[in-house]
Amino acid sequence: MTTPEDKLYLALSTIPAGKVISYGYLAELAGLPGRARWVGKTLSSLPDDTQLPWHRVVNASRRISFPADSEGYKTQRQRLESEGIEFSAAGTISKSNWIKPL
DNA sequence: TCCCCGGCTTGAG
DNA sequence: CCTCAAGCCGGGG
């Protein structure tokens, strides 16, 4: 049977390197509208050795949804930068890397 | 079932 | 660009 998690993972696996998407829009693509927060919750419980690009998911303001001093922030940012994504001084990601909602 | 809380969003200042 | 207030929805006690 296909669980909501399955749909989420499938949608997430289609996000290409060098691009980022919001929790809300990803939820929509997965056929789970309105579940942005649930997406965050679910991603946070992925195993450390997962192949899924969880780091390509940020909030609608194009910023990492973790306090800038946290470990999570650092690892996510480093992963994104290693894919060529650039951050402004304020920590926002350039629009050219953004997968925007229709 | 009620209540609280969160890797969210949107809209106002 | 920033902060705040509301809305929102599922998870867990």
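A, B, ... follow the sequence lines: proteins, then strands. Residue 1 opens every chain. Just so it is clear, the structure is predicted and the values come from calculations on it, not from any experiment.
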Taking C-beta and beyond as the side chain, do [X] and [Y] meet within less than 4.5 Å on heavy atoms?
| X | Y | answer |
| --- | --- | --- |
| A:Lys100 | A:Lys95 | no |
| A:Tyr23 | A:Ser65 | yes |
| A:Leu29 | A:Ile21 | yes |

Q) So does A:Lys19 pair up with A:Glu83, basic N to acidic O under 4.0 Å? A) no
May I ask you to say what A:Val57 touches in the nucleic acid, namely base, sugar-phosphate or nothing, with a heavy-atom cut-off under 4.0 Å? base
### Task
Identify whether any heavy atom of A:Arg35 sits under 4.0 Å from a base atom; if not, whether one sits that close to sugar-phosphate; answer base, sugar-phosphate or nothing.
sugar-phosphate
Contact span of DNA chain B against chain A, any nucleotide atom under 4.0 Å from a heavy atom, 5' to 3', runs B:dG6 to B:dT10
inquiry  = Does A:Arg77 qualify as a cation-pi partner of A:Phe87, given the criterion of NZ or CZ under 6.0 Å from the six-membered ring centre and within 45 degrees of its axis?
reply    = yes
Of the candidates C:dG10, C:dC9, C:dC1, the side chain of A:Ala90 sits closest to C:dC1
When A:Phe66 and A:Ser61 are each assigned the nearest nucleotide of DNA chain B, the 5'-most assignment goes to A:Phe66
When rounded to whole Å, the CG to P distance for the pair A:Asn59 and C:dT3 reads 13 Å
Mate of C:dC8 across any strand shown (Watson-Crick or G-U wobble, both atom pairs under 3.5 Å) is none
Ranking A:Arg37 and A:Lys41 by the position along DNA chain C of their nearest nucleotide, the one closer to 5' is A:Arg37
Can you tell me if A:Glu86 has over 12 outside heavy atoms packed within less than 6.0 Å of its CD? no
